[in-house]
2 protein chains.
Amino acid sequence: MLGPDTDVKDGANAGRSGQGGLVGVRAQKAAETADALKQAAREQFLQRGYLNTKITDITAAAGRATGSFYDHFAGKEELLQALLADMHDAARQDVVEQHPADHDLTDPEQLRAHLAAAWQVMRDNLPVMVALFESAMMRPGSGHAWERLTTDTAMLREHLERLRLDGRSLPGTPELVGAAMGGMLSMLAYALLPGRSSENSANYSDDEVIDTLTALLLNGLSGGR
Amino acid sequence: MLGPDTDVKDGANAGRSGQGGLVGVRAQKAAETADALKQAAREQFLQRGYLNTKITDITAAAGRATGSFYDHFAGKEELLQALLADMHDAARQDVVEQHPADHDLTDPEQLRAHLAAAWQVMRDNLPVMVALFESAMMRPGSGHAWERLTTDTAMLREHLERLRLDGRSLPGTPELVGAAMGGMLSMLAYALLPGRSSENSANYSDDEVIDTLTALLLNGLSGGR
DNA sequence: GTCTATACCGGGATAGAC
DNA sequence: GTCTATCCCGGTATAGAC
């Protein structure tokens, strides 16, 4: 459970070594190392944070030598991009297939479903989320933070624009409202999700958080009255 | 406009140098240097971010030598604490005097006033806010982020608790709702405030932001209907 | 492909002259 | 009190052996 599996998986391919199939045994081992590094990076990012994680932390956790890192990635930044790409690949189909017909964020069930989905995505990809969060927070005034906020809430914004087209009046521009909602969501996620429940003083279940956000965003503090 | 004023202000006191009054001329010069360093730090934190700012950036901006820094502060962290203390001192009376009688966040005017006040405080103390934000974001899972979120929204939480005592039903626990609101606010502030308007793609006036947040928090997406 | 060993550098922190 | 000069460490990145 500690390190990623280091056992060689190319047994089927390695019956005759040296000769090598078209794929290449070495290439497979290389891919394994790259994967091990990525997996170790995820663990480390979550535990120490992205900025605090040193290259040596990653290689050590992966059980590889320091120098090996640079055989696969140019640096920490590039590794993060790779993780991001993996995440997108994995998320692509999910999003597409379960994002069907109507969108009305005014409907309690739909709003809740959207919030829950977003929350789940963040939970499932915490290491990457944390890393992106930190790297975006790094340059105030550069617009990076705002950029992330708007791109991450693109889907949300579309729904809000649809609402507006349907003649509903929004609290503000779809962009700003979406950013506000997204900021709220990601800030809470960053504050609550990464903590091991024992140590963290806050003890809210996912359901409780999502229920609260749904109620707040749906009817505000006045509770619809 | 570049560096802080280096002209000596103790002219009234320095008529006879060497002898020295009870205050001490050197002590005054020292205080000036400390102030210059703090002021320079604020500028640098805002421009480069807290984590990116090197000691040498601060001393250079203050027009002092590197070594001088350590005659006044043990390190960057301690400097930040000093800035924080200054901010609290300055903010103390303002908060106390203009925070009178009734609190009903359900009242549009009062909610707006509270949001506007919070926004203004953040704007007025951007460098410190940015620094605290970054340093809190640094250790995921440590609870630091959650801690900041809850302490920063202590006042908000109290108001919410009062609401609840008055029999109003809230979207969730005061703590969680307050954290959500605070997260939304600080995230937006971090994303919007530090940008020089020209470069940043987002161009929202303070009023527009506050109006939007007021409407969103008051009645939610459904707009009270 | 992966290792060990090491060069290299940014930046924090200190010593001692002025 | 402040400066200059320097030490020193953590951490990145590379070279070359295996």
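These numbers come from the heavy atoms of this one structure, side chains and all, not from hydrogens, waters or symmetry mates. In the text below, chain A, chain B and the rest are named by the order of the sequence lines, each starting its count at 1.
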Picking from [options], which would you name as closest to the side chain of [X]?
X     : options               : value
A:I55 : D:dT12, C:dT2, D:dT2  : D:dT12
B:K54 : D:dG11, C:dT2, C:dG12 : C:dG12
B:K29 : C:dG12, C:dT2, D:dT2  : D:dT2

Check your understanding: When all nucleic acid strands are considered with a 4.0 Å heavy-atom cut-off, which category describes A:A65: base, sugar-phosphate, or nothing?
Key -> base

Can you sort out the partners of [X] under salt bridge (charged side-chain N to carboxylate O under 4.0 Å, His left out), two or more places apart, ordered by chain and number?
X      : answer
A:D207 : A:R112
A:R48  : A:D57
A:R139 : none

**Request:** Please work out which of the three classes, parallel, tilted or perpendicular, describes the rings of A:Y50 and A:F45, given edges at 30° and 60°.
**Result:** perpendicular

The ring pair (Phe, Tyr, Trp, His ring centres under 6.0 Å) partners of A:H159 (sequence neighbours excluded) come to A:H99, A:H103, A:H114

A:Q39 versus A:R42, side-chain donor and acceptor atoms under 3.5 Å | yes

Check the distance between [N]'s [atom2] and [X]'s [atom1] and give it to me in whole angstrom.
X     : N      : atom1 : atom2 : value
A:R64 : C:dC3  : CZ    : P     : 7 Å
A:L37 : C:dT2  : CG    : P     : 9 Å
B:I58 : C:dA13 : CD1   : P     : 11 Å

Please evaluate residues A:M129 and A:M87 with respect to the criterion side chain to side chain contact (heavy atoms under 4.5 Å, CB included), reporting the C-alpha separation (whole Å), side-chain torsions for both, the decisive distance (0.1 Å), and the verdict. CA-CA 10 Å; A:M129 295 276 92; A:M87 188 185 97; 4.0 Å; yes

- Message: When you compare the side chain of A:L217 with that of B:L216, does any pair of heavy atoms fall below 4.5 Å?
- Response: yes

Phosphate OP1/OP2 of D:dT4: any B:T66 side-chain N/O under 4.0 Å
no

Do any N or O atoms of the protein come closer than 3.5 Å to N or O atoms of nucleotides 15-18 of chain D, and which pairs are they?
none

* Quick check: does any side chain N or O of B:R64 sit under 3.5 Å from a backbone N or O of B:L37, one acting as donor and the other as acceptor? -> no

Residues in residues 68-82 of chain B with a heavy atom under 4.0 Å of DNA chain D, by number, are B:S68, B:D71, B:H72

